[in-house]
Every structure is written in structure tokens, then in C-alpha cells.
Student: 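My structure is below; once you've seen it, I'll send some questions.
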Amino acid sequence: MLRYIARRLVVFFPTLFVILLVSFLISRNVPGDQVYSRMDAVYQRGSQIDAELRSREYLRISHEMGLDLPTFYVSLNQLAYPDTLHRIPVLSERNALSKLIGVYGNWPEISTYFHHLEAVEAKIAKLAVPEAQKMDYLSAQRAVSELKMTTADAEVQYRLDQLQSLTKSLPLLGDSLGSEIAKIASNYASIRAHETKWKLYVPTLHFFGFKNQFHHWLTGLLMGDLGKSYSHDRKVSKMITEALPWTMFLGFFSFCIAYLIAIPVGVYSVRHRHQWQDNAVTIGLFLLNSVPTFVAAMLVMTFFCNQDYWQLFPTSGVASDGSELWSWPERLFDHAYHLILPTIMMSYHGIAYVSRQLRMGMVENLNADYIRTARAKGLSDRVVIWRHNFRNALLPLVTLISGLLPAMVGGAMITEFIFSVPGMGLLTLNALGSFDHPVVVGIYTLTSIATLTGFFISDILYAFVDPRISFTKR
């Protein structure tokens with residue numbers, strides 16, 4: 001058995017690494033600039049803040065998220081691309097530089113042009129301009145800023161002409177920075193004149209050590225840091241910690257209810273196979289499984305949460321008003337009372353599915369040699385079914401455990417939304433609706449790890465249920 005577990009672990013850890021790598025790549029390739037998305041959470045979206053403060057905050061958040069580091073431990077790139085491009089903090093500027101390198105291949109000229117634009121932009125910002133002309137100087141500063149993010153020749157030429165025109169109309173700008181602005185045009189002309197496209201066809205390998213984005217992200221994950229929510233500016237791990245207990249509660253009890261009902265029903269159906277009792281159970285389970293969750297939820301809310309019928313349960317939420325002042329046994333009972341209907345809604349599909357799986361597994365084994373041997377020994381039908389047939393039919397049910405947590409999150413979405421239960425399903429839906437990528441990626445990462453762990457546990461349980469498995473290659 002220990003050897004079997006060791007073989008499973010050899011497969012487990014590389015697979016876990018691949019899952020984490022995929023999660024990291026997803027987190028780094030979400031649409032938009034992650035730093036600006038975080039800043040929109042810190043400062044109210046659309047609010048006017050000082051440009052210098054905005055720039056400092058961008059650098060601070062970018063450093064905090066590790067986005068100013070190389071992506072991975074190693075990189076295989078073209079010779080034209082420098083191994084220091086990640087040091088350009090603003091994503092749009094870094095992308096523009098990458099495009100220019102992809103067209104012309106001459107990083108030294110491109111680097112000179114970019115740093116000159118930065119210097120001119122900073123000098124314009126420091127000019128003591130008359131208040132009446134402030135907007136004109138802001139236009140000049142914006143034109144230089146946009147040049148840092150522009151790669152098309154026509155657009156670059158348009159910005160350069162705009163700057164030349166402003167240089168003539170604004171005496172202070174022309175006197176102090178006229179030559180500097182003219183040099184921008186010559187820098188860009190130098191890029192076009194000294195192309196080194198051959199460098200785009202030469203591969204080169206860079207090693208960055210442990211100071212890279214993946215290592216930073218992985219270290220944070222191991223420390224329980226899944227980033228911050230764009231929408232709420234809160235730690236994702238904290239939001240998941242608050243939501244997970246509700247989903248675990250719903251999932252655990254719905255899982256128990258489903259199995260406690262489904263196993264006797266499945267065995268009863270096998271014992272009365274091809275009789276009217278079996279047909280009645282099959283039709284009942286089919287009807288149960290054919291009703292979508294949202295329809296069933298609306299029906300139970302109509303009949304059991306409505307004063308026109310039977311107002312037996314609350315329609316939403318997980319606690320009564322003012323319950324925070326109650327004792328903990330009273331609060332526990334109150335939570336359980338609110339979660340009765342959501343738990344039933346999450347379990348009724350499982351009853352039909354598990355009982356059908358169990359029935360099929362047991363019927364397939366009825367003609368097996370060991371069953372015939374047990375009957376030949378004179379054992380009763382009840383003993384043969386429960387003691388010999390049932391154990392072998394457990395293998396498919398063990399497999400279902402591996403997908404328990406993902407099924408909880410997926411299956412809980414509709415139920416938690418309809419009954420306003422603040423669990424993982426509702427958190428996922430809200431995150432998807434508001435494009436809160438860190439929350440979505442955090443949930444995806446945890447559910448992937450949980451799924452892999454579930455597979456590992458089910459493999460071990462397989463070996464316990466059927467010891468022959470641990471002695472054979474799988």
C-alpha cells in the first residue's frame with residue numbers, strides 16, 4: 001500500500017505544479033491593465049487624482065503585485081528583445097516598446113527614443129506656465145505621453161507634427177524645450193534608419209533566478225495570499241474564507257442527504273429489479289432529476305415561503321434580523337433553519353444520480369461468479385446484496401468524491417443566488433459579473449487544487465475498497 005501511495009504522490013506533485021502554472025498564466029493574461037484595475041478599487045472609479053500621485057501609486061501597486069519582475073525563472077526569446085524589458089512599469093508602454101522591437105529589432109535606438117520621451121515629458125510637467133495657457137501645455141505633455149504608447153508611423157508623425165505646432169505657438173515651450181522636442185523626431189528617424197531585423201531570428205535564453213513573477217505569485221499563494229479584489233479592495237483569501245463555510249455546510253449536508261437516501265433507494269431498486277417497484281422508483285427519480293434547480297427552488301419558495309400557502313421557511317438569507325445578539329446555540333439553530341430549503345435543493349439531483357449509478361453497478365455484478373457462489377452457499381438475497389454485491393458497487397461512488405468541492409461551487413451557484421446565501425457560488429457569480437479577475441482566478445486555483453486532491457483521495461479509497469488495485473499497475 002505504501003508503494004502504491006508513493007506512486008500516486010509522484011504523479012500528484014508534477015500535476016499540481018502544472019495546475020498552478022496554468023492558474024498563474026491565466027492570472028497574468030486577463031484583459032486590461034491589472035494595476036489600473038486595482039487603482040480603480042483604491043480610488044473611486046473616474047475620480048480625478050493628481051497625475052504625480054497616480055504615477056507613484058502605479059509603481060507602488062505594480063511592485064506590490066510583482067509585475068515589475070520577469071515572468072518566469074527562464075525565458076526563451078529573440079536576441080532583439082532585452083532581458084530588462086520587464087522594468088518598464090506601465091503595461092501599455094511596455095507593449096508599445098515590444099511592438100517597436102518586433103518591427104525594427106534595434107533595442108538600443110528604441111531605448112534612447114523612449115528615455116528621451118520620458119525626460120521631455122518630465123521637463124514639460126516642471127515648467128512654470130501661466131494659468132491661462134495651462135491647458136495648452138497639458139496638451140503638449142499628453143502628446144509626448146501618447147508617443148510612448150504609439151507604434152504606427154502615421155500616428156507617430158501626427159503626434160510629432162502636433163508637438164512642433166505647439167512649440168511654435170507656445171514661446172516658453174519653444175525656448176526651453178524646442179531642441180529637445182526636435183530631437184524626438186530625429187530619435188524616431190534613427191530607429192527607422194538602423195533596423196536590425198536579423199536579431200528577430202536569433203533565439204536567446206535568459207535565466208532570472210527566483211526574482212520572477214511566478215515565484216512571487218507562488219510564494220504568496222503558499223502564504224495564503226491570492227491577491228486583492230478589484231471590486232472591494234479586500235484580500236481574496238479573506239473573501240473566500242468568509243464564503244467557503246456556507247458552501248461547505250450546504251455541500252456536506254446535501255452530500256450526506258443524497259447518499260443516505262440514494263443508497264437504500266438504489267439497493268431497493270436492485271432487489272426488486274424488473275418489478276413494478278423498480279419501475280416506480282425509476283419513474284420517480286426521472287421526474288425528480290428532470291426538474292431544473294431554479295424551477296424547483298421557485299416552486300418550494302412559492303409553496304413553503306409564501307403566506308398564501310405555508311409560510312414555513314424564510315425566503316432568503318442565512319440569519320434572522322437581530323440574531324447577532326442571540327446566544328450561539330440560538331444562532332446555530334437559526335442558521336440551520338434558514339439553510340433547510342437550500343440544502344434540499346442542492347441534494348435532490350444527487351439522490352437520482354447516485355441511486356442510478358449504484359443500481360447499474362450492482363445489476364452488472366449480479367451474474368458474477370462470486371455472487372453465484374454466495375447464492376450457492378445458501379445465503380439470503382438480502383445478505384448477498386448488502387454483503388457481497390454492494391461493496392463492489394461502491395467503486396463508482398468513490399469516484400464521485402473527487403469532484404465534490406467543484407460540484408459544490410458549481411452546483412451552489414443557482415441555489416445560493418436564489419436563496420441569497422453568501423457562499424462560494426454567489427461570490428463566483430458576483431465576481432464574474434463585475435470582471436473581478438483576482439477573485440475568479442483565486443476560486444479557480446483553489447477548486448483545481450481541491451479537485452486534484454479529491455482524485456488522490458479517491459485513488460487511495462479505491463485501494464482500500466478493493467485491495468487488488470494497489471497490487472496492480474494503474
Side-chain angles (χ1 to χ4, degrees), residues 250-304 309-310 312 340-404 407-408 410-411 414-415 454 458 461-469:
L250 284 177
F252 176 76
F253 282 100
S254 62
F255 183 81
C256 292
I257 290 172
Y259 271 68
L260 287 175
I261 296 176
I263 289 176
V265 169
V267 173
Y268 178 83
S269 187
V270 172
R271 292 191 62 193
H272 299 83
R273 61 192 177 282
H274 309 312
Q275 300 177 15
W276 69 267
Q277 294 95 329
D278 183 27
N279 294 332
V281 169
T282 301
I283 293 172
L285 293 175
F286 175 77
L287 292 175
L288 194 66
N289 200 37
S290 62
V291 181
T293 302
F294 69 92
V295 174
M298 297 306 293
L299 287 174
V300 297
M301 288 179 73
T302 301
F303 290 107
F304 298 108
Y309 294 95
W310 301 284
L312 302 177
I340 288 176
L341 288 184
T343 305
I344 294 174
M345 288 301 97
M346 282 186 63
S347 63
Y348 82 93
H349 274 296
I351 294 172
Y353 182 73
V354 172
S355 63
R356 288 292 89 185
Q357 290 287 327
L358 181 64
R359 182 189 181 280
M360 285 190 293
M362 293 181 71
V363 168
E364 286 179 0
N365 291 327
L366 282 176
N367 295 322
D369 292 339
Y370 70 95
I371 295 293
R372 285 201 294 268
T373 302
R375 293 188 189 282
K377 288 163 62 179
L379 298 177
S380 66
D381 187 58
R382 173 189 287 271
V383 173
V384 171
I385 292 291
W386 280 106
R387 183 179 298 175
H388 297 278
N389 195 353
F390 176 67
R391 180 175 177 179
N392 285 289
L394 280 177
L395 290 177
L397 302 186
V398 171
T399 308
L400 298 178
I401 296 175
S402 61
L404 182 60
M408 282 186 193
I414 297 174
T415 305
S458 68
L461 290 177
Y462 253 78
F464 274 110
V465 174
D466 187 355
R468 293 172 300 174
I469 292 174

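Every heavy atom of this structure was used, including side-chain atoms; hydrogens, water molecules and symmetry mates were not.
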Student: Roughly how far, to the nearest 0.5 Å, is CH2 of W310 from CZ of F303?
Tutor: 7.5 Å

Student: Counting only heavy atoms from other residues, nucleotides and ligands, does the tally under 6.0 Å from OH of Y370 exceed 12?
Tutor: yes

Student: Of all the heavy-atom pairs spanning S355 and A262, show the shortest one and how long it is.
Tutor: CB-O, 3.5 Å

Student: Hey, are the side chains of V270 and I385 touching, using non-hydrogen atoms and a 4.5 Å cut-off?
Tutor: yes

Student: Could you pull out the closest heavy-atom pair between V384 and A374, with the gap in Å?
Tutor: CG2-CB, 4.1 Å

Student: Can you tell me how far CD1 of I351 sits from CD1 of I261, rounded to the nearest 0.5 angstrom?
Tutor: 4.0 Å

Student: With a 4.5 Å limit on heavy-atom distance, are the side chains of R271 and Q277 in contact?
Tutor: no

Student: Nearest 0.5 angstrom please: I283 CD1 to D278 CG, how far?
Tutor: 10.0 Å

Student: Can you find a heavy atom in the side chain of R356 that is under 4.5 Å from one in the side chain of S269?
Tutor: yes

Student: Can you list the steps and then say if M298 with V295 is a side-chain contact (heavy atoms from CB on, under 4.5 Å)?
Tutor: CA-CA 5 Å; M298 297 306 293; V295 174; 5.9 Å; no

Student: Hey, could you give me the CE/CG distance between M301 and L341, rounded to the nearest 0.5 Å?
Tutor: 8.5 Å

Student: What closest approach, in Å, do T293 and T415 show between heavy atoms, and which atom pair accounts for it?
Tutor: CG2-OG1, 3.7 Å

Student: Once side-chain hydrogen bond (donor to acceptor under 3.5 Å, both in side chains) is applied, do any residues pair with T302, and if so which ones, sequence neighbours excluded?
Tutor: none

Student: Check whether any side-chain heavy atom of M346 lies under 4.5 Å from a side-chain heavy atom of T343, and answer yes or no.
Tutor: no

Student: Any side-chain heavy atom of L312 sitting closer than 4.5 Å to one from I340?
Tutor: no

Student: On a heavy-atom basis, which atom in S254 and which in S347 lie closest, and how many Å separate them?
Tutor: O-CB, 3.3 Å

Student: What is the distance from atom OH of Y353 to atom CG of L285, rounded to the nearest 0.5 Å?
Tutor: 14.0 Å

Student: Rounded to the nearest 0.5 Å, what separation is found between the CG atom of L250 and the CE atom of M345?
Tutor: 12.0 Å

Student: Between L260 and P264, what is the shortest heavy-atom contact and its length?
Tutor: O-CD, 2.9 Å

